[in-house]
Amino acid sequence: MHRSLSTLLLGLSVLVTSCGESRQNKAASGTIQEPAIMDPHSHASASAARTTHLDLAITVDMDARTLYGSATYAVQPNGAANIVLDTDGLQVDSVQVDGRPVAHTLGDSTLIGKALTVPIDAVTKELTVHYRTGAEAKALQWLSPKQTADKAHPFLFTQGQAILTRTWIPIQDSPGIRMTYNATVKVPSELMAVMSASNPQARTADGVYSFAMEQPIPAYLMALAVGDISFAAIGERTGVYAERSVVEKAAWEFAEMERMLEAAEALYGPYRWGRYDVIVLPPSFPFGGMENPRLTFATPTIIAGDRSLTALIAHELAHSWSGNLVTNATWNDFWLNEGFTVYFENRIVEAIYGEERARMLQVLGRQELTNTLNALDEDGHAHDTHLRLDLAGRDPDEGMTDIAYEKGFAFLKMLESKAGRERFDAFLRGYFERHAFQSMTTDAFLAYLQDQLLTPAQVEVDLKRWVDGPGLPADALVPTYEGFTLVEQQMDAWLKGGGTAALNTAEWNTFQWMHFLRHLPADITTERLAELDKAYRLSESGNAEVLAAWLEQCVRHDHDPAFPALDRFLTNVGRRKFLMPLYGELMRSEKGKVLARTIYQQARPNYHSVAVRSLDELLAWKEQKPPASF
Ligand code: BES
Ligand code: ZN
């Protein structure tokens, strides 16, 4: 017999009552309401006084590397005597409530920043904060002209997820709190500004840009980029922004974007955000992509010249439903954003490129999951292999592993297979429709799943095991792709002395190359690696996924001829997903450690703070202070 969800939920609610008395809101009548959702990573709470709209008016000073101005909010007081915003490293100059100056307090510095508390009353309508960003604002990366593609102008971009928006805007920075926004941004007149909002397609004469986001969004989706940016259209509703030397290549690479958008709508309902554009950022962008609404931020490392890495665009587009429309209530529910998005991404890939390509990506994803599960298990972090996390007291970034993505995907794929695709699709369509512009907790999702899918379809699933248990449950499906078996057979023939002629690489696609490189035998010799590089010029590969997989093997097997290419890659690319395994592999030997530190010393100024934070820890890096003078 399967454990019914009501037992599961009952068990949980007992837990909440016994240890979370203070979480419950007592209404004026004294009756106890639903427990409020507690976000351990924000000082704000959706059930206290909250903001519903933001008017941002800021100036970007590219020389002083600071941004300053005001954030004016529409306030819903909810009977509270104070309103609380999140800040981190901001200088707060003054605060007004309904146009009158008031005294504010900035709380103690904590792991999640400082609370900005402002007295209000029951009729308060508006709150204005005048502020300036600090020198270490973690969301912001200020690039010198040298660090851009075109080398002529400086560049700025923000990265808000998970809790960095509070380093550039005083804001209620919880994924459970949504607001609409308007912004006026002043930049030097030779630059253009774009945001996660309605965007310009050309420069203005005075460098002043106006933006509107009419749909309510959580703070982590606030985003801004400033640079010498130009625009190229793709379809009616889609286009790309990038520096001049990149924009045409990007438009070619992402030519299928309009079709992806149509495929996504055909699957899970109308796109609710107006336009969908992508901005290709300079290579220091720390992620592959970031789903800022209406304007995905993307790394240039997905421009491979053959459209082979565009699944990333499908992924960020899919977040327009899973994540941006229905949003994880707290970072403990991160799998609701990413697991659903990997599933949806795979469905878009299947619709555009066919089901074989979808399976290739599933197999590669499962390999990554297996590696992550092993690593977390070895490090004694088995609880971080649960779908539902407990990140209270930790930087949420620490919980953002492949688990949410790939175990989340495996969970949904298992549900699809048990319920049947037709039923599952109808369920997902209903889920997005029903909860649009709302946040979702893991418990609320499980209750909805039980009610709307499992019970009516008479499907039995051990939800507790999947969501609050470690590892990968036994009823997970095992994805396969025959083209990878073929590659393994050819690799065997090559290793047995067949020469590189045994490798029919002319017919391999990017994913077969990745599979091949990930599966080189543990005892491969440096002569063998030299043979591969000579035949296929892997160190010069223009495909960042292939190059990164190749370089990882070169480091693992101490193949020094590839080290100049490694140095170049690590210095130019700031995408954390590539940096961590490469530096991690270097750190496994004494010689590698020396090389890692030498490269990092040079490259560190090119990386965004989120990559720096992870790498400083990996390399046990202490900021090099200039020698004390006598
Ligand atoms: N939302 C994430 C990026 C992110 C996650 C930023 C957590 C900050 C904290 C984005 O949608 C994402 O998942 N990007 C992936 C690409 C994807 C194809 C798996 C990436 O950046 O590699
Ligand atoms: Zn994602």
Side-chain angles (χ1 to χ4, degrees), residues 161-162 286-289 299 311-312 315 322-323 328 331-343 345-346 359-391 394-414 442 465-481 484 511 514-515 517-520 522 544-545 548-549 551-553 555-556 575-588 610-611 613-615 617-619:
Q161 197 181 12
F287 296 106
T299 169
L312 186 133
H315 178 98
S322 44
N328 53 204
W331 300 116
N332 291 332
D333 310 301
F334 182 58
W335 76 278
L336 292 178
N337 273 17
E338 297 300 343
F340 281 63
T341 299
V342 173
Y343 177 82
E345 163 200 342
N346 203 253
R359 279 192 288 123
M360 297 176 210
L361 296 177
Q362 290 174 30
V363 175
L364 293 172
R366 179 59 59 85
Q367 288 168 10
E368 285 152 23
L369 176 59
T370 307
N371 292 341
T372 303
L373 285 172
N374 291 339
L376 289 171
D377 205 34
E378 273 167 30
D379 289 357
H381 288 290
H383 53 278
D384 285 342
T385 71
H386 299 195
L387 285 177
R388 184 199 333 243
L389 299 173
D390 180 9
L391 296 168
R394 293 166 74 187
D395 185 328
D397 205 41
E398 286 178 28
M400 294 176 167
T401 66
D402 287 336
I403 302 298
Y405 292 79
E406 295 298 338
K407 184 176 173 180
F409 170 77
F411 177 57
L412 297 177
K413 198 73 189 162
M414 175 275 299
T442 296
R465 171 74 187 82
W466 269 94
V467 173
D468 293 308
L472 193 61
D475 56 345
L477 310 183
V478 179
T480 58
Y481 169 58
F484 289 161
F511 314 104
M514 287 167 69
H515 185 81
L517 292 168
R518 287 180 184 188
H519 289 84
L520 292 175
E545 292 282 354
L551 292 173
E552 200 176 322
Q553 291 288 0
V555 176
R556 186 169 305 150
R575 186 175 173 188
R576 185 168 68 173
K577 177 185 112 165
F578 292 141
L579 301 181
M580 293 299 284
L582 288 170
Y583 280 108
E585 205 54 64
L586 282 168
M587 293 304 286
R588 287 157 63 100
V610 305
R613 187 185 163 276
S614 308
L615 289 165
E617 190 181 319
L618 181 68
L619 276 80

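Quick note: residue numbers are just sequence positions, from 1. Fair warning: this is a prediction, and the values are worked out from it, not measured in the lab. No hydrogens, no waters, no symmetry mates; every other heavy atom, side chains included, goes into these values.
- Residues E545 and F578 form a side-chain contact, since some pair of their non-hydrogen atoms from C-beta on lies under 4.5 Å apart.
- In this structure, the side chain of N374 engages the main chain of T370 through a donor-acceptor pair within 3.5 Å.
- The closest side-chain heavy-atom distance from T401 to D384 is not below 4.5 Å.
- When side chains are defined from C-beta on, N346 counts as touching L361, because their heavy atoms get closer than 4.5 Å.
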What's the verdict on side chain to side chain contact (heavy atoms under 4.5 Å, CB included) for Q362 and F409, showing C-alpha distance, side-chain angles and the deciding distance?
CA-CA 9 Å; Q362 290 174 30; F409 170 77; 3.6 Å; yes

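- Taking a cutoff of 4.0 Å between a charged side-chain nitrogen and a carboxylate oxygen, E406 and K413 do not qualify as a salt bridge.
- Side-chain N or O atoms of N328 include none that pairs as donor or acceptor with a backbone N or O of L336 at under 3.5 Å.
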Taking only distance into account, with no hydrogens and no angle test, what donor-acceptor pairs under 3.5 Å do side-chain atoms of residues 580-587 form with protein atoms, sequence neighbours excluded?
from: Y583; atom 1: OH; to: Y607; atom 2: OH; distance (Å): 2.9
from: E585; atom 1: OE1; to: R556; atom 2: NE; distance (Å): 3.3
from: E585; atom 1: OE1; to: R556; atom 2: NH2; distance (Å): 3.2
from: E585; atom 1: OE2; to: R588; atom 2: NE; distance (Å): 3.2

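- Salt bridge annotation for D395-R613: present, with a cationic side-chain nitrogen under 4.0 angstrom from a carboxylate oxygen.
- Between the side chain of S614 and the backbone N or O of V610 there is at least one donor-acceptor pair closer than 3.5 Å.
- The NE2 atom of H386 sits 13.0 Å away from atom NE2 of H381, with the distance rounded to the nearest 0.5 Å.
- The main-chain N or O of G471 is found under 3.5 Å from a side-chain atom of K407 such that the two form a donor-acceptor pair.
- In this structure, the side chains of I403 and L376 come closer than 4.5 Å at one or more pairs of heavy atoms.
- R359 contributes atom CZ, which lies 5.5 Å from atom OG1 of T480 (distance to the nearest 0.5 angstrom).
- Contact check for L387 versus T442: no side-chain heavy atoms found under the 4.5 Å cut-off.
- Between the side chain of N332 and the backbone N or O of L391 there is at least one donor-acceptor pair closer than 3.5 Å.
- Of the inter-residue distances, the one linking M514 atom CE with Q367 atom CD reads 8.5 Å to the nearest 0.5 angstrom.
- Nearest heavy atoms, R366 versus A410: NH2-CB, 3.6 Å.
- Side chain of T341 to backbone of S322: a donor-acceptor contact under 3.5 angstrom is found.
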Quick one: do D475 and W466 satisfy side chain to side chain contact (heavy atoms under 4.5 Å, CB included)? Show the steps, please.
CA-CA 10 Å; D475 56 345; W466 269 94; 3.0 Å; yes

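- For the pair Y405/N337, no side-chain contact is recorded, criterion being any heavy-atom separation below 4.5 Å from C-beta on.
- A382 and P470 make their closest contact through O-CB, 4.1 Å (heavy atoms, listed as atom of the first residue, atom of the second, distance).
- One distance of note links OG1 of T372 with CG of D377; it measures 12.0 Å at 0.5 Å rounding.
- Note that the NE2 atom of H515 and the CG atom of L517 stand 10.5 Å from one another [nearest 0.5 Å].
- Between F484 and L364 the shortest side-chain heavy-atom distance falls below 4.5 Å.
- Residues L579 and A611 come closest through the heavy atom pair CD1-CB, 4.4 Å.
- Between V363 and Y481 the shortest heavy-atom distance is CG2-N, 3.9 Å.
- With rounding to the nearest 0.5 Å, the separation of OG1 in T299 from CZ in R575 is 5.5 Å.
- In this structure the side chain of F411 never reaches within 4.5 angstrom of the side chain of F340, judged on heavy atoms.
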Hey, mind stepping through W331 and Q161 against side chain to side chain contact (heavy atoms under 4.5 Å, CB included) and telling me if it holds?
CA-CA 10 Å; W331 300 116; Q161 197 181 12; 3.4 Å; yes

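- A donor-acceptor contact shorter than 3.5 Å is absent between the side chain of R388 and the backbone of F334.
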